[in-house]
Each structure stands twice: as C-alpha cells, then as structure tokens.
Amino acid sequence: MQGEGGYIWWKHGVMCEIWPRSYYDTNKDGSGDLKGINTKLEYLADLGIDGIWLGPINSSPMIDSGYDVADYRTIDPLYGSMADFEELLQHAHNHGIHIIMDLVVNHTSDQHAWFKESRSSRDNPKRDWYIWHDKKGGGPPTNWKALVGGSTWDWDRSTGQYYLHSFLKTQPDLNWRNPAVRKEIYDTMRFWLDKGVDGFRCDILNYFLKDDELRGNPFSLAAGPFNGFQKHLYTRNQPGMYEILKEMRAVLDEYKDRMMVGEVFVAEEGPSMAAAYLGGEGELSHLSFEFSLVFSKWGAHRFSDALTNWYSLIPPKGWPCNVLSNHDRPRAVTRYAAGEDTVRRMKVLAAMLLTAWGTPFLYYGEEIGMPNSRITRKDVKDTIGKMYWPIVKGRDGERNPMQWNGGQHAGFSEVKPWLPLNDDYSEINVDIQTQEPTSLLNFYRRLTALRREKPALHMGGFEKSSSHIDIMSYCRTYQSKKVYVMLNFSANKLSHTCTPGGEWSVLLGTHRSGGTAIGSESFEVYPYEVLILEKSK
C-alpha cells in the first residue's frame with residue numbers, strides 16, 4: 001500500500017512464502033491449515049513481513065501437491081473452508097500483512113470439470129479449452145517433452161486424440177489461445193481480488209502458449225534427461241505472451257495496490273528472459289522470479305556477479321525481486337551452511353537478501369536456519385520423488401514442517417506430521433531463538449526493522465563496490481542518505497576499506513556495536529562479519 005515516502009508494500013516490503021500444509025496444524029490431522037497461519041500472524045508481523053505468498057490452496061486431488069487445481073474458486077478441505085480463508089485475509093490485513101495467492105493456470109487437474117467436459121466428446125463446447133491433436137505418423141503430433149520427463153502428449157482412447165500436458169499427464173494444459181479460457185481466468189482473478197486478495201504468484205508463467213505450427217523442439221545435450229535432451233524452443237516464451245500479460249495486468253489495475261509476481265522458467269535463456277516478463281515500461285508482471293542466487297555456489301564474488309547481472313537486465317521502470325529458497329529447491333541452509341558455521345553463514349545471506357536492491361522473498365523457516373528434512377523412500381509424498389527415486393528424491397525435504405518449539409512434533413501438531421521433522425528441531429526452533437539475543441531469528445528481526453526504517457535500504461539506488469574476492473560490498477543511496485553494506489563470506493580475517501570514503505557509523509553488525517565510528521582508513525574484518533554503516537560525514 002502507498003504510504004509515507006512512497007512506500008509500496010510489494011516493492012519495498014519483505015515477502016514470505018509459506019507452504020500451508022507445513023506451517024501449523026490446528027485440527028490435529030498432521031497437516032497445516034489456514035487457521036494455523038492465522039494463529040501465527042503476530043509472529044509474522046513481528047518478523048517484519050509485509051506479504052505472505054501462500055502455496056496452492058484451491059481444491060485439488062493433490063497429485064502434484066495442489067498444483068493440479070480441480071476448482072479455482074474453492075478452498076481445498078485439507079486447508080479449511082472459504083470462511084477460514086476470509087478470516088485469515090481480514091486478520092492479515094489487520095496486522096498490516098498482505099496475502100498473495102498461487103495462481104496455477106497453465107494447466108488444471110484432469111479432475112477439473114472443464115477437462116471432464118473437454119474429453120467427453122470432440123464436439124463438446126469445452127473441447128477447445130485444452131490442446132487436442134490427432135496422431136502424426138502413427139504417434140504423437142510433436143517430439144515435445146514434458147518437464148517431468150516423457151512426452152507432453154497423452155492418448156485419449158475414447159475420443160481418439162492426444163491432449164497436451166507440460167508436466168504430469170494428470171495436468172492437462174489450458175488452451176490460452178482460446179478467448180473463452182482467458183475470460184474465465186480473468187474473471188477468476190477478479191473473484192479473489194473482490195474478496196480482498198492482494199496479489200498473485202503466477203505459476204510457470206512463460207509456458208502458457210505453445211507453438212501453433214507444432215514445430216519440433218531441437219536436440220540439446222545440455223538440457224539433460226528431464227527435459228528430454230531438447231531445447232524448449234517451441235513450448236515456452238512464445239509470441240503473444242506479452243499480450244496475455246498486459247491483459248492480466250489490466251485486470252490487476254482495476255483494483256488498488258494489487259500485484260503479480262511471475263515464475264519464469266529460464267533454463268537456457270537465463271535471467272534476461274525473467275527480466276523481459278517485467279515489460280520495458282513495467283507494464284507486465286510487477287515482479288519476476290529469477291533464480292541465479294538459488295543456483296549460485298557459495299562465494300562473495302559469485303553472489304555479487306549474479307546480482308549485478310540481474311540488475312543490469314532490469315528495464316528502466318522495472319523492479320527486481322530476490323530469493324534464496326523456495327518450495328522446489330533445497331533450503332539455503334542445506335545448500336550453503338551445513339556444518340559448524342551454519343548460523344554465521346546464514347546471517348551473511350540474510351543481510352545480503354534484506355539489504356540488496358529488490359523485494360526479498362523469504363521461505364518459511366529460513367529465519368531460524370531450518371535445513372531440509374531427511375526423506376526416506378517410505379516418507380515420499382511428492383510425485384516427482386515417487387517417479388524418480390533415488391535419482392531424484394523429490395521436493396518433500398524442503399517442504400518440511402515448521403519448527404516452533406522443542407516439544408513433541410516441534411509444536412507443529414499434536415499428532416505425527418504429514419512429513420518427517422528435522423532431527424535438530426529440539427535445538428533449532430522459534431522458542432529457543434526468540435530467547436537468544438544473538439540468534440538468527442532475532443538477527444532477521446533487526447534486519448527487517450532496519451530495512452523499513454532506512455529508505456535507502458528499501459528504495460535506494462544500488463552501487464557495487466570493488467573489494468576483496470571474499471567480501472561483497474555495496475552502497476545504497478536515497479536522496480542524501482547513504483548506507484554501506486559489507487559482507488565477509490569467508491572464515492578468515494581480512495582487511496577492508498570503505499570504498500566510498502568518508503566517515504561512517506555502524507547501524508547493525510555481527511561484531512560491532514551500533515553507533516561505532518568507522519573511518520575511511522583500512523580496518524580489520526572478522527570472519528563472516530556483517531557490517532551495515534550509515535554515512536555520517
């Protein structure tokens with residue numbers, strides 16, 4: 001919401017992705033629910049969260065954890081009722097927290113009423129709501145491969161045609177070239193916006209359109225086995241997508257202070273494609289997820305280069321967002337901070353995420369340093385894990401239950417959770433870290449408070465500083481105020497000089513007290529030190 005100094009919640013605030021089934025269980029079935037999130041709103045507000053992105057909560061057979069929607073205008077009973085959602089929405093707004101829903105409209109479940117009608121006969125009015133084609137040469141109409149492996153085409157014996165699915169065969173793709181489909185999706189967006197939903201995270205945005213000439217995708221060894229060793233030249237990023245995005249943006253612009261963040265799958269294309277979905281004049285997605293930080297290896301120069309490249313591609317009226325973990329990728333702790341330096345490394349990453357240019361998206365549990373859970377074959381719920389175990393073990397590890405306390409089931413539920421807990425929940429949990437002044441959780445709280453207090457950190461310009469290969473440093477400037485961030489990504493003591501020169505005062509640090517003066521001369525940097533300074537002279 002527009003506030004003092006032009007503060008815009010989705011642009012200058014801090015977002016948090018919550019996997020609803022794993023946050024907090026109130027009805028004692030082992031799964032998290034909407035009432036559970038409602039119960040924890042005060043915690044989220046205290047953490048400094050401006051917006052919550054909820055994983056998919058629409059009615060679904062849950063073959064793909066809710067990313068197979070059977071009814072876009074209802075809440076799945078697993079999470080509660082529409083009344084529960086409306087109560088969560090109202091209470092979140094009372095806490096100054098905005099709600100972002102997952103919008104999964106590249107495909108539906110094969111149990112959706114639309115698809116049941118579509119496959120009932122070739123002349124059904126909804127036949128063209130999905131993508132159907134005849135055989136070609138006795139087989140599928142193209143060589144296209146699904147992102148989960150195998151052909152994108154599945155044979156429907158009753159009507160004698162193939163239907164297209166970019167993912168599982170239980171997830172048939174909608175035909176976005178059909179105006180009736182677009183209208184229905186836009187009306188569905190209005191249904192939720194009318195209830196007060198603040199925005200959408202749009203799933204796999206750049207897959208909506210496929211080549212209408214059915215040209216074959218070229219071979220690509222680099223694409224790997226799960227992409228069928230092919231470059232998806234004709235199955236994503238097709239001409240016409242920007243027109244669709246403008247139409248979606250127009251729906252959002254009918255309402256005040258609403259937003260959309262797009263998930264853009266950019267395998268071969270890189271971050272330039274994610275930036276393109278913002279639009280040259282910022283008229284497409286408000287935000288676009290780009291995963292260079294997620295795929296980067298540890299190192300100040302690596303993270304710095306990833307951010308610099310991403311920023312260089314943002315259009316003049318665009319705005320970046322940054323993320324370290326999500327429901328599809330192993331948690332940042334597991335990737336970067338296993339071992340004795342866990343907390344120190346995670347504080348460095350937290351400072352980078354919350355002080356760099358762009359909207360930060362935290363993943364629930366990241367603020368306490370939760371790692372992935374260890375998943376055995378019998379624990380697997382994710383269809384991808386079931387299909388490819390043990391080569392690919394699925395995404396259950398990063399969707400693990402939140403660790404609230406050291407009691408039974410980590411305070412997540414009174415019964416056995418739907419997924420295994422981490423072995424370390426008695427040591428890593430919210431209760432313990434709330435009581436420890438130097439904990440990772442309290443460091444996050446201090447960071448989010450500082451970010452909100454200092455306009456330079458949430459809306460200022462970004463200037464990278466040259467430094468040691470193990471030090472990442474940059475200056476954030478808003479009007480006449482300058483904030484300097486120095487992050488040591490190594491376990492070594494190093495020497496550093498504030499590149500901009502002048503005199504500085506410590507705002508927040510892991511090794512120095514607030515108010516400490518730092519001059520322009522060289523000074524010793526401690527291992528894994530975080531230092532955030534404000535220019536005093």
Indicate, with yes or no, if the rings of F167 and H107 have centres closer together than 6.0 Å.
yes
Audit row: K126, E184, salt bridge (charged side-chain N to carboxylate O under 4.0 Å, His left out) steps and yes/no:
CA-CA 12 Å; K126 284 193 170 56; E184 180 60 34; over 6 Å; no
Aromatic ring centroids of Y24 and F412 under 6.0 Å?
no
Any side-chain heavy-atom pair of W19 and N326 under 4.5 Å:
no
Could you walk me through whether Y364 and H327 pass side-chain hydrogen bond (donor to acceptor under 3.5 Å, both in side chains), step by step?
CA-CA 10 Å; Y364 78 97; H327 63 278; over 6 Å; no
Sorted by chain and residue number, the side chain to side chain contact (heavy atoms under 4.5 Å, CB included) partners of H93 (sequence neighbours excluded) come out as L89, D198
May I ask you to check whether H286 and W10 place their ring centres under 6.0 Å from each other?
yes
With side chains defined as the heavy atoms from C-beta onward, is the minimum distance between E281 and P316 less than 4.5 Å?
no
D382 versus V380, closest heavy-atom pair with distance
O-CG1, 3.4 Å
Would you name the heavy atoms of L293 and A306 that are closest together and state the gap between them?
CD2-CB, 4.2 Å
Centroid-centroid under 6.0 Å between W357 and W319 rings:
yes
With rounding to the nearest 0.5 Å, note down the distance linking CD1 in I57 to OG1 in T74.
10.0 Å
Evaluate the side-chain proximity of M248 to C202: yes if any heavy-atom separation is below 4.5 Å, no if none is.
yes
So is R21 actually on top of W418's ring, under 6.0 Å and inside 45° of the axis?
yes
Aromatic ring proximity, centroids under 6.0 angstrom, W153 and H133
yes
Quick check, are the ring centers of W53 and F289 under 6.0 angstrom apart?
yes
State which residues pass salt bridge (charged side-chain N to carboxylate O under 4.0 Å, His left out) with E87; sequence neighbours excluded, sorted by chain then number.
none
Side chain to side chain donor-acceptor pair (under 3.5 Å) partners of E247, counting only residues at least two apart:
R182, Y186
Could I get the full list of salt bridge (charged side-chain N to carboxylate O under 4.0 Å, His left out) partners for D102, not counting sequence neighbours?
R201
The side chain to side chain donor-acceptor pair (under 3.5 Å) partners of H409 (sequence neighbours excluded) come to none
Counterpart residues, ring-ring contact (aromatic ring centres under 6.0 Å, His included), relative to Y277 (two or more places apart)
Y242
Who passes salt bridge (charged side-chain N to carboxylate O under 4.0 Å, His left out) against K378, sequence neighbours left out?
none
Which residues pass the side chain to side chain donor-acceptor pair (under 3.5 Å) test with R329, not counting sequence neighbours?
none
Taking the ring centre of each residue, are W114 and Y72 less than 6.0 Å apart?
yes
Just wondering, do S166 and N106 contact through their side chains at under 4.5 Å, heavy atoms?
yes
Taken to the nearest 0.5 Å, the spacing of D154 CG from Y163 OH works out to 4.0 Å
With a distance cut-off below 6.0 Å to the six-membered ring centre and an angular limit of 45° from the axis, does K135 pair with W155 as a cation-pi contact?
yes
Which residues share a side chain to side chain donor-acceptor pair (under 3.5 Å) with N175, sequence neighbours left out
D128
Chi angles and distances behind the salt bridge (charged side-chain N to carboxylate O under 4.0 Å, His left out) call for K393, D379:
CA-CA 10 Å; K393 297 183 178 181; D379 299 321; over 6 Å; no
Decide yes or no for T235 and N217: does some side-chain heavy atom of the first lie under 4.5 Å from some side-chain heavy atom of the second?
yes
Taking salt bridge (charged side-chain N to carboxylate O under 4.0 Å, His left out) as the definition, give me every residue that meets it alongside K195, ordered by chain and number, with sequence neighbours left out.
E86
Could you go step by step and tell me if R399 and D328 meet the salt bridge (charged side-chain N to carboxylate O under 4.0 Å, His left out) rule?
CA-CA 8 Å; R399 300 174 179 181; D328 284 331; 3.2 Å; yes
What about the rings of Y207 and W176, do their centers lie closer together than 6.0 Å?
no
Would Q161 and R127 count as having a side-chain donor-acceptor pair, cut-off 3.5 Å?
yes
With sequence neighbours left out, write down each residue that passes side chain to side chain contact (heavy atoms under 4.5 Å, CB included) with S373, or none if nothing qualifies.
I375, N400, N422
Using the ring centroid of each side chain, check whether F291 and W310 are separated by less than 6.0 Å.
no
With sequence neighbours left out, the residues meeting side chain to side chain contact (heavy atoms under 4.5 Å, CB included) with S285 are L205, L245, M260
Between the OG atom in S81 and the CG atom in D76, the distance rounded to the nearest 0.5 Å is 12.0 Å
I'd like to know whether R331 forms a salt bridge (charged side-chain N to carboxylate O under 4.0 Å, His left out) with E398, so could you lay out the CA-CA distance, the side-chain angles of the two residues, the decisive distance to 0.1 Å, and finally the verdict.
CA-CA 6 Å; R331 289 177 174 273; E398 54 263 30; over 6 Å; no
Side chains of Q230 and S220, donor plus acceptor under 3.5 Å
no
Find out whether the Lys NZ or Arg CZ of K40 is both under 6.0 angstrom from the six-membered ring centre of W404 and within 45° of the ring's axis.
yes
